[in-house]
There are 2 protein chains.
Amino acid sequence: MKLEKLTTKSVQEEKRRFQDACGLAHAVELLGERWAILVLRELLLGPRRFSELKADLPGISANVLTQRLTELEDRGLVRKTRLPPPASVQVYEATEWALDAGPILCQLGRWAFRSPRHDASQPVSAVAIMLSMQTNFDASLAGDFADTIAFRFGQARYWAKVADRVLRIGSGEAADAGATIICSPDDMKPILYGGAPVDIVQVEGNIDAAARFVRMFSLPPKANVVCK
Amino acid sequence: MKLEKLTTKSVQEEKRRFQDACGLAHAVELLGERWAILVLRELLLGPRRFSELKADLPGISANVLTQRLTELEDRGLVRKTRLPPPASVQVYEATEWALDAGPILCQLGRWAFRSPRHDASQPVSAVAIMLSMQTNFDASLAGDFADTIAFRFGQARYWAKVADRVLRIGSGEAADAGATIICSPDDMKPILYGGAPVDIVQVEGNIDAAARFVRMFSLPPKANVVCK
DNA sequence: CCGTATCCAATAAGATACTG
DNA sequence: CAGTATCTTATTGGATACGG
């Protein structure tokens, strides 16, 4: 009975494969299922646990998340590992190869942002807002700025470091932060992309550094298309 | 009755939207349905007609193709136009914005090519093999080569032009081709990527130019991952 | 708390035949 | 050729209950 089910399932998977050697067709086979790309996005800045993923992907159900994680593991994009003691907690981690897709996916996101249908009023996750900084950083606005800005979104910790007109982001505590911004990921949207001043949220440390930092981002122009 | 159906449908579409302002989530909403990315790929080198698309997307059914084209049109990615007389035939054409996604999708394809699960023995479409040349062109192998190679895949015509270690591709007849390669898209795979000599297919014109040209491509290395 | 397994209803995809 | 119409099958997401 179970064997039959498994066989049926693999036959189905066969049938759902594209008969197409093009790499792009395979990309769709790897990441084309609903939620898969967003699960990977959440892993781009480091390992996460199941409940974090579920919390940051509003609308996903536990069984679907389980299924996507298992599929991504089967395909070599995700590893199920255990954090070193004393944490000793189980986490999901993107493989190096999966991380290589990160910059490409960010570019795809920036492209889709130009859609007239895009709704920026929806919520964003912490990872999403951090990645958006990386993607929409405008080197020409950086001037001689050189500092690290730390972010506290609830319990989550991230940082963004600017030097020589290059920005790098990462997760974890920042040792050398000139300023720390404490708010929710959603609070950052009007500040980074709506021209709002940084002091509408809590800032610790060098507030001028934080204020300069948040003016270094710009969104791409909307596409000139008509759509129903 | 009909109104009710439409309302139900739009409510359903609402529900399927991600509550996520991240551009990547919107990219999935734009291109995430099955076949959508491959339909767009087929339009990246110029307008195509319904039957060509159906023929080059093995396995797609007419109703799904209709639905994808309508959706892509609604979303501003595709325009339904009519070729100028005397052709006067209806074609589907990617918008400028949709074409901007082309290079990103090609990079995603090159990334997915590194998957251990990728099956290069599947067939490729004419557009896919031409795009793969653009994507996998290795400038360091071009030397001082400067010439245009024309391709005839059945009735379809494409060209690839190399100058100053830069390759450009396009569709249509090439006026100044040094050589013309006449075969099927699948025949090109072993020649471009398997080291096979170009003269296993029909070549007209300067065969040495064709032979040099087909050695200018290299695939990315496989990812170092285990997968079930 | 961290998931996993199973069932159910809704909907999307696919196969096939058919029409202007 | 360019799609529609109809029927069947597969997948999804939500609820619920269960195991470590």
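Only a predicted model underlies this, so the values are computations on that prediction, with no experimental measurement involved. Below, chains carry the letters A, B, ... as their sequence lines are ordered, and counting in each starts from 1.
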Sidechain-backbone polar pair: A:T180 side chain, A:E204 backbone, donor-acceptor under 3.5 Å
no

Between the base of D:dT12 and the side chain of A:N63, is there a donor and acceptor pair under 3.5 angstrom?
no

Please state whether the phosphate of C:dG14, meaning OP1 or OP2, lies under 4.0 angstrom from any side-chain nitrogen or oxygen of B:W35.
yes

side-chain contact (heavy atoms from CB on, under 4.5 Å) with B:I60: which of B:L38, B:L53, B:L65?
B:L65

What's the CZ-P distance between A:R48 and C:dG3, to the nearest Å?
13 Å

Aromatic ring pairing A:Y193/A:F217, orientation class (parallel under 30°, perpendicular over 60°, tilted between):
perpendicular

Check: A:A21 main-chain N/O paired with B:D119 side-chain donor or acceptor under 3.5 Å
no

Donor-acceptor contact below 3.5 Å, side chain B:R48 vs main chain B:G46:
no

Duplex segments of DNA chain D, taken as runs of at least three Watson-Crick or G-U pairs that stay under 3.5 Å:
C:1-20 with D:1-20

Please check the phosphate of D:dG3 (OP1 and OP2 only) for any side-chain N or O of B:T66 closer than 4.0 Å.
no

Name all residues meeting the side-chain contact (heavy atoms from CB on, under 4.5 Å) criterion together with A:A196; count only those two or more places apart in sequence or in a different chain, and write none if there are none.
A:P190, A:I191, A:I200

Ranking C:dT4, D:dC1, C:dA13 by distance to the side chain of B:S51, first place goes to D:dC1

Could you label the plane-to-plane angle of the B:W97 and A:W111 rings as parallel, tilted or perpendicular, counting under 30° as parallel and over 60° as perpendicular?
parallel

Examine D:dT11: is either OP1 or OP2 under 4.0 Å from a nitrogen or oxygen in the side chain of B:R34? Give yes or no.
no

How long is the line joining CG of B:L65 and C1' of C:dA13, in whole Å?
13 Å

Length of the CD-P vector between A:E71 and D:dT11, whole Å
10 Å

Checking C:dA13, C:dG3, D:dT4 against the side chain of B:A62 (C-beta onward), the nearest is D:dT4

How many Å lie between CZ on A:R17 and P on D:dA10, as a whole number?
17 Å

OP1, OP2 of D:dG3 versus side-chain N and O of B:K80: anything below 4.0 Å?
yes

Reckon B:Q90 has a side-chain N or O less than 4.0 Å from the OP1 or OP2 of D:dG3?
yes

B:R49 vs D:dA2: side-chain N/O to OP1/OP2 distance below 4.0 Å
yes

Please tell me which of the listed nucleotides, D:dC1, D:dG3, D:dT12, lies nearest to the side chain of B:F50?
D:dG3

